[in-house]
Amino acid sequence: MKCVTSNFRDPVPKRVPQYLLRPVRMESLPQAKSKLVCHVQNQQIAWSRMLLTSLIVFSCLVPSVYSDEDYYKLLKVSREATTREIRQAFKKLALTMHPDKNPHDETAHDKFLKVTRAYEVLKDDDLRKKYDKYGEKGLQDEQQGGGRYESWNYYRNEFGIYDDDLEIVTLDRGDFDAAVNSGELWFVNFYFPRCHHCHELAPTWREFAKEMDGVFRIGAVNCGDNNRLCRSKGISSYPSLYIFKAGMNPEKYFGDRSKESLTKFGMQFVKSRVTELWQGNVFTEIESAFLSGIGWLITFCADSGDCLESQTRQKLAGMLEGMVNVGWMDCSTQAELCNSFEVTSSTTAFFPPGSSLKNQGSVLFLKTLDTREIYGAVMQHLPELEPLTNKLARHRWLVNFSFGQKTMASHEYKKLKALLKDAHIQVNLGSYPGLTGSTVLVVGQPSIAVFKGLGIHDFEIHHGKDVLYNIVAFAKESVSAHVTTLKPENFPSDSKEPWLVDFFAPWCPPCRALLPELRKASIQLFGQMKFGTLDCTIHEGLCNMYNVNAYPTTVIFNKSSIHEYEGHHSADGILEFIQDLVNPAVVTMDPDSFAELVKRRRHNQTWMVDFYAPWCGPCQALLPEWRRMARSLNGMIKVGTVDCQKHHSFCQGEGVRAYPEIRLYPQNSNRRDAYQSYSGWHRDAHSLRVWAMGTLPRASVDLSPDDFRNHVIRGKDHWVVDFYAPWCGPCQHFAPEFEVLARMLKGSIRAGKVDCQAHHQTCQSAGITAYPSVRFYPYLGTDMRQQGGEHVNSRDANSIVDILRQRLQQLSSGLLGKAGNFKVSLRVPAPCRLYPCYYLLLAFSTQLHFKLSAVDLFF
């Protein structure tokens, strides 16, 4: 999709279809720019020139299956809907609207395509942000997938396996890290909707989740919808079951998939202590816990009645960890002690801090053996969090402003003290009159805020999910991060320091997904840049002042310069953007610099130039990909941009008729104004780089079996070799990376490629079992190298180059530098006159970087 310029002056014949003249959306434009664009759009259009551009206009403005219908309305969800709610809504529509269910409705196919398209966009945070900001015009690179959908049976039986299970938390990219780093124990099922074994496991996983609910969290990740997340966690098969807990490495489960085996494995990680109480320790244990404000849950095991089983005790210890100690007493050996507790048969009792049998009603006797029922009764009996009635001390506080409202989930909040103890965060519940309604903190509804220990001005409000793990992760991140809650009084409009400001709305899911990433970035950039957030639902006037009309809008204020962030909702994406501002990989051009750098470029230089307009949605969507591509090219191709709104006449003179217009000006061209236009559908960094690299002379060489044997194994150069297969998708994706590293290493290491489909025997001899495989063959001064070389475990050009340069440095230092001066004498027994000993010595000399020719053998 492109935004087509329309500043022609000839009258338009009446027969021109109106859809060809549909203007670009104005909703997301700053006020001043909107007026300018409207003025340009409303000028008369030359019919003679319209014929030349009608094909581009038609393909841009009238896609066959996409419309301007509101995606949220199509799915019948609110703009605040979570990913899970969107998935549930889509499934409900799929079961009724699917063409398989409406065979006589000729419009069913097109209707369902629209709904499918809406789901594909709204389930993805990045696409959702683009859609919210630019509409469909910001999604040009993702439209190719809109012509396909699954069968009705797929949506009925395979789609959203665990969405309706309350005990199973469906985790997405936006909340996975918050969950597993909350301090709670998680057992997570990574599955794929089309995986037969995943569906076989589902009933068992549900039963397991119900039984272990509360002992540890049971999660599920749909790797079909969260491919990037699953790849980052190293998931390569389905289902993959992992235990996660903050501070420990993930543990994969390899056993059989029965409920009993899963329970046994999971319980290994419940480390909470169950104490056996007896005459020698009972009173000191109880008194010590009471002094710390912790009660005791004690099960008394007598000859009569039912006693809690060992595993049940362990489960309860895990569920109540940090709030209540769990113990048991054997009344057959401690009869007198049990009598002092007035116990004559097996029973279980909860002793709150300060309770006593003398105080009637202070001890809670439980008449159930069910783990969940005991847990619920104990949690309900625990004291409420104390109201905050005095001013905030200079400590870290998590404050829950409840306004007197209580929910069933409020008992879960009692766990906060225990979960936040190690982070030194105190927890209070209540409404503090010195804060609510004031200019310091505007709280008009139940909410949670963290005060970071510097008084009432240094706080952050929680806008994530109202679930325990999300609140805990927020509190821990917030006190460590350096994010300021902004108001008109402290907004950095004239600050001398650089600021990154996130304009957001609490109801916006992409905004909520971005906030934890901002906290991560603020830690990494502490001392270099300040971070702040501004709630546009409260400070609407300030947001309007900066023409903010889509959320989230992230802006960097650097003295008089203002830069809007367009990129992935991740800390890495923010860091990349800031890196570009400090050390830009893209040259911003005007007519004079374009003539100097491009038209009068050196013969060995290639330039790529993006002609764009700031108001154009597809141009805005391209910008982060353009910067990412420029960095990945490492200067091998120069990259620039031209703002055609600012330099309108110049762009017209260059023949630019649609935005974005991507051109490549090649090296060694006889005509300096000759260029190639990019006509590919994808405008992501990888696709653009593949196209650009394809115009350069190759830096790597193809190796035949003879070439590999003569030049790599027996040659006197260092080599890095890519073993690949033409049909292999990852190999195709890696190919431009290999060309980049080949150019970066030129002069020090030669680069070659071996086609393992054509030369299977060569690859087999080299021990290649997967594609692509990268091997390094250093020259060590011997006549022959090992066939397998040294494995390089990376597919990133920069990483591989760093690894190989470090290896070269190792080879050039130490023993290698002195190899020519070394003479090693070894006394070898007579049987070693045969060839096997020669190869043993060859291996020995290779490891020590000696030349074998310098080895004398004495027999």
| request: Apply side chain to side chain contact (heavy atoms under 4.5 Å, CB included) to Leu262 and Thr204, showing your working. | output: CA-CA 9 Å; Leu262 291 168; Thr204 303; 4.2 Å; yes
| message | The criterion is disulfide (SG to SG under 2.5 Å); which residues satisfy it with Cys508, sequence neighbours excluded? | response | none
| field | Closest heavy-atom pair and its distance - Asn544, Val548 | value | OD1-O, 4.4 Å
| Flag for Asp502-Thr533: side-chain donor and acceptor within less than 3.5 Å | no
| task | For the pair Lys233 and Asp177, find out whether any cationic side-chain nitrogen is under 4.0 Å from an anionic carboxylate oxygen. | result | yes
| field | Parallel, tilted or perpendicular: rings of Tyr131 and Tyr71 (30°, 60°) | value | parallel
| Going through the checks in order, is the ring-ring contact (aromatic ring centres under 6.0 Å, His included) test met by Tyr191 and Trp205? | CA-CA 12 Å; Tyr191 72 94; Trp205 194 251; 9.9 Å; no
| message | For Arg84, is there an ion pair with Asp164 - N to carboxylate O distance below 4.0 angstrom? | response | no
| Thr553 to Val555 - nearest heavy-atom pair and separation | CG2-CG2, 3.9 Å
| query | For the residue pair Phe176 and Phe190, does the interplanar ring angle fall in the parallel (under 30°), tilted (30 to 60°) or perpendicular (over 60°) class? | reply | tilted
| request: Any chance you could measure Thr96, atom OG1, to Tyr155, atom OH, to the nearest 0.5 Å? | output: 12.5 Å
| message | Please determine whether a side-chain nitrogen of the Lys or Arg among Arg628 and Glu625 lies less than 4.0 Å from a carboxylate oxygen of the Asp or Glu. | response | yes
| query | Is the shortest side-chain N to carboxylate O distance from Glu200 to Arg257 below 4.0 Å? | reply | no
| said: Checking side chain to side chain donor-acceptor pair (under 3.5 Å) between Gln757 and each of Trp727, Tyr771, Tyr724, which is the one that passes? | reply: Trp727
| side chain to side chain donor-acceptor pair (under 3.5 Å) contacts in which one or both residues fall within residues 505-518, not counting sequence neighbours | Glu517-Lys520
| field | Over 12 non-hydrogen atoms of neighbours within 6.0 angstrom of NZ in Lys76 | value | no
| request: Would you sort out whether Glu737 and Arg689 count as a side chain to side chain contact (heavy atoms under 4.5 Å, CB included), showing the intermediate values? | output: CA-CA 9 Å; Glu737 290 285 336; Arg689 186 176 65 164; 2.3 Å; yes
| Are side-chain N/O atoms of Thr107 and Asp110 paired as donor and acceptor at under 3.5 Å? | no
| task | Might you point out which heavy atoms bring His109 and Pro99 nearest each other, and give the distance in Å? | result | CA-CG, 3.8 Å
| Is the centre of the Tyr565 ring less than 6.0 Å from the centre of the Phe577 ring? | yes
| query | Taking the six-membered ring for Trp, are the ring centroids of Phe159 and Tyr119 within less than 6.0 Å of each other? | reply | yes
| remark: In Arg372, Lys259, Arg206, the residue satisfying salt bridge (charged side-chain N to carboxylate O under 4.0 Å, His left out) with Glu211 is Lys259
| task | State whether a side-chain donor-acceptor pair under 3.5 Å links Tyr162 with Asn189. | result | yes
| request: Compute the centroid of each ring, for His463 and then for Phe504, and state whether the two points are separated by less than 6.0 Å. | output: yes
| request: Look up atom OG in Ser677 and atom CG in Leu664, then write down how far apart they are to the nearest 0.5 Å. | output: 9.5 Å
| note | Shortest non-hydrogen pair, Ser237 vs Lys252, comes out as OG-NZ, 4.0 Å
| query | Hey, what's the ring geometry for Phe216 with Phe208, parallel, tilted or perpendicular (30° and 60° as the breaks)? | reply | tilted
| field | Exercise: identify the closest heavy-atom pair between Phe112 and Ala94 | value | CE1-CA, 3.6 Å
| request: Evaluate the side chain to side chain contact (heavy atoms under 4.5 Å, CB included) criterion for residues Ile662 and Met608: first the C-alpha distance (whole Å), next the side-chain angles of each, then the deciding distance (0.1 Å), finally the verdict. | output: CA-CA 7 Å; Ile662 298 171; Met608 284 183 74; 4.2 Å; yes
| query | Who pairs with Ala513 by side-chain contact (heavy atoms from CB on, under 4.5 Å), at least two apart in sequence or on another chain? | reply | Asp125
| said: Using a 6.0 Å cut-off, check whether atom CD of Glu540 has over 12 heavy atoms from anything other than its own residue. | reply: no
| query | Salt-bridged, Arg217 to Glu184, with N to O below 4.0 Å? | reply | yes
| task | Apply side chain to side chain contact (heavy atoms under 4.5 Å, CB included) to Tyr242 and Tyr253, showing your working. | result | CA-CA 6 Å; Tyr242 279 87; Tyr253 175 69; over 6 Å; no
| task | Taking the side chain as every heavy atom from C-beta outward, state whether Ile161 and His199 have any atom pair closer than 4.5 Å. | result | yes
